[in-house]
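One structure is given here, and the rest of the page talks about it.
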Amino acid sequence: YGSTRPERILAEVKRKATRGDARSVVDTIDQYCRHQEWAMNVGDEKGTILDSIVCEVKPRAMLELGTYCGYSAVRIASLLPPNSRLITMEFNPVFAAIARQVIAWAGVEDKVVLIEGPSGDWIPKMKKEFGLTSFDLVFLDHWKDCYLPDTKLMEECGLLRTGSILVADNVICPGAPDYLEYVRGSPRYESKYFRSHLEYTRVEDGIEKSVFLG
Ligand SMILES: Cc1cc(-c2n[nH]c(CCNC(=O)c3cc(-c4ccc(F)cc4)cc(O)c3O)n2)ccn1
Ligand SMILES: [Mg+2]
């Protein structure tokens, strides 16, 4: 039931996941999207790669572009050290409303700030709005043709410092070829590809981890 896929995902979380237990929310969404209906969460396989990078970096300030239902926001927030903050950005207000409820159900709302609107509008405002100097880690999971322009915009706005890490989902499927060419070709980035699969499928996809060298 529920008229949209995100609403059906939220209904499943409320029915099956334990309130306050982020892990059960993540597992419930993975089960549902693997066996009932596919949805564009980063998923369990690529999620494990993302987890290992978050645990390695231990970011104080993290940005996620593309919240969708909040699956990766919950996954990331459950790994963040105390007084760290994840800012996650969603374009679609319907998705954002669902994500807020998923994040609350998981009990990670005090680590997550969800903002709504297009990345191109928000990125130039973030330093002032959030009293930020730079992001330690950015997870790019939004519109694939925005990965490159938004990366350039983050550079221009001084949101990246030497050592900031970009983690990009879907670099093969749906693909972000211009972004890949840029981070792999630029002397200002040290890039590494983690081969995986499109969430819940056997289609090839992967995550690109790129360190900004300043
Ligand atoms: C401009 C701007 C945009 C945003 C923004 N908010 N939410 C998103 C979600 C974007 N995500 C995707 O489109 C996506 C798609 C697939 C997919 C789909 C269909 C297939 F057949 C195969 C793969 C798989 C994935 O893993 C994805 O992540 N963008 C936020 C702010 N500003
Ligand atoms: Mg994705």
Side-chain angles (χ1 to χ4, degrees), residues 4-10 26 29-30 32-34 36-54 62-77 86-103 112-126 129-130 135 137-154 156-157 159 165-180 183 193-210:
T4 68
R5 187 170 312 194
E7 279 169 351
R8 292 192 291 274
I9 290 171
L10 173 62
V26 167
I29 295 173
D30 280 332
Y32 181 75
C33 295
R34 182 175 289 284
Q36 310 304 321
E37 60 174 330
W38 186 92
M40 58 181 170
N41 316 118
V42 73
D44 42 357
E45 196 179 311
K46 291 186 289 179
T48 304
I49 299 165
L50 176 63
D51 289 353
S52 62
I53 296 168
V54 172
M62 183 163 177
L63 173 65
E64 172 181 68
L65 298 172
T67 315
Y68 190 46
C69 293
Y71 171 92
S72 46
V74 166
R75 212 175 163 123
I76 291 163
L86 170 70
I87 298 172
T88 183
M89 198 185 300
E90 175 53 49
F91 177 82
N92 181 318
V94 173
F95 295 173
I98 298 294
R100 287 186 203 287
Q101 297 175 73
V102 169
I103 289 161
V112 180
V113 175
L114 196 160
I115 55 182
E116 293 179 38
S119 48
D121 294 1
W122 266 108
I123 288 170
K125 296 189 300 193
M126 298 195 84
E129 291 280 320
F130 299 99
F135 287 112
L137 183 54
V138 181
F139 180 45
L140 296 99
D141 194 21
H142 62 327
W143 295 345
K144 309 315 160 193
D145 59 357
C146 292
Y147 283 21
L148 181 53
D150 286 349
T151 296
K152 290 180 174 173
L153 192 55
M154 285 189 288
E156 285 152 22
C157 296
L159 284 168
I165 293 176
L166 305 183
V167 176
D169 189 26
N170 311 117
V171 293
I172 304 300
C173 177
D178 56 345
Y179 172 82
L180 272 190
V183 290
Y193 177 63
F194 294 77
R195 189 165 180 209
S196 186
H197 298 93
L198 177 70
E199 47 269 25
Y200 318 116
T201 77
R202 302 156 74 97
V203 173
E204 182 176 348
D205 189 20
I207 282 190
E208 190 83 1
K209 175 191 175 190
S210 309

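Counting starts at 1 for both ligands and their atoms, following the listed order.
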Is the backbone N or O of S196 less than 3.5 Å from a side-chain atom of D205, with the two atoms forming a donor-acceptor pair by type?
no
Is the backbone N or O of V171 less than 3.5 Å from a side-chain atom of Y179, with the two atoms forming a donor-acceptor pair by type?
no
Indicate if the distance from the Mg ion (ligand 2) to the nearest N, O or S atom of E199 falls below 2.8 Å.
no
Sub-3.5 Å donor-acceptor pair from the side chain of Y32 to the main-chain atoms of L10, do we have one?
no
Short question: side chain of E45, backbone of H197 - any donor-acceptor pair under 3.5 Å?
yes
Protein contact for atom 29 (N) of ligand 1 (heavy atom, distance under 4.0 Å)
yes
Any side-chain heavy atom of H142 sitting closer than 4.5 Å to one from F91?
no
Does any N or O of ligand 1 fall below 3.5 Å from an N or O anywhere on N92, backbone included?
no
If you measure every N or O of D141 against every N or O of ligand 1, does any of those distances drop under 3.5 Å?
yes
Donor-acceptor pair, distance only, cut-off 3.5 Å: does the side chain of Y71 make one with the backbone of G43?
yes
Decide whether an N or O pair under 3.5 Å exists between W38 and ligand 1.
no
With a cut-off of 4.0 Å, which atoms of ligand 1 are near a heavy atom of P118?
32 (N)
After noting the C-alpha distance and the side-chain angles of R100 and E116, does the key distance pass the salt bridge (charged side-chain N to carboxylate O under 4.0 Å, His left out) rule?
CA-CA 11 Å; R100 287 186 203 287; E116 293 179 38; 3.0 Å; yes
Near the Mg ion (ligand 2), is there an N/O/S atom from N41 that is less than 2.8 Å away?
no
How wide is the angle at the Mg ion (ligand 2) between OD1 in D141 and OD1 in N170, to the nearest 10°?
90°
Which segment of L65 sits under 4.0 Å of ligand 1 when only heavy atoms are counted:
neither
Can you tell me how far the OG atom of S119 sits from the CD atom of E90, to the nearest 0.5 Å?
10.5 Å
For atom 7 (N) of ligand 1, what's the nearest protein heavy-atom neighbour? Residue, atom name and distance, please.
E90 OE1, 2.9 Å
Pairwise distance CG(L159) to CZ(F130) - rounded to 0.5 angstrom
11.0 Å
Among all protein heavy atoms, pick out the one at the shortest distance from atom 1 (C) of ligand 1; state its residue, atom name and that distance to 0.1 Å.
W143 CE3, 3.2 Å
Quick note on ligand 1: atoms under 4.0 Å from a heavy atom of G117 include exactly 31 (C), 32 (N)
State the CD-CG distance between E199 and D30, to the nearest 0.5 angstrom.
10.0 Å
Looking only at non-hydrogen atoms, the one of M89, E199, K144, E116 nearest atom 26 (O) of ligand 1 is E199
Of all N, O or S atoms in D169, which has the smallest distance to the Mg ion (ligand 2)?
OD2
Among all protein non-hydrogen atoms, which one is nearest to atom 5 (C) of ligand 1, and what is the separation to 0.1 Å?
H142 CB, 3.6 Å
So, regarding Y68 and ligand 1 (criterion: nitrogen or oxygen to nitrogen or oxygen, under 3.5 Å), is there a contact or not?
no
What is the nearest protein non-hydrogen atom to atom 32 (N) of ligand 1, stated with its residue, atom name and distance?
S119 N, 2.9 Å
How many angstroms lie between CG in N92 and OH in Y68, if you round to the nearest 0.5 Å?
9.5 Å
Any sub-3.5 Å donor-acceptor pair from T67's side-chain atoms to M89's backbone N or O?
yes
Tell me which part of V42 gets within contact of ligand 1: side chain, backbone, both or neither, using heavy atoms under 4.0 Å.
neither
Shortest protein heavy-atom distance from atom 13 (O) of ligand 1, along with the residue and atom involved
M40 SD, 3.7 Å
D169 heavy atoms within 4.0 Å reach ligand 1 at atoms 26 (O)
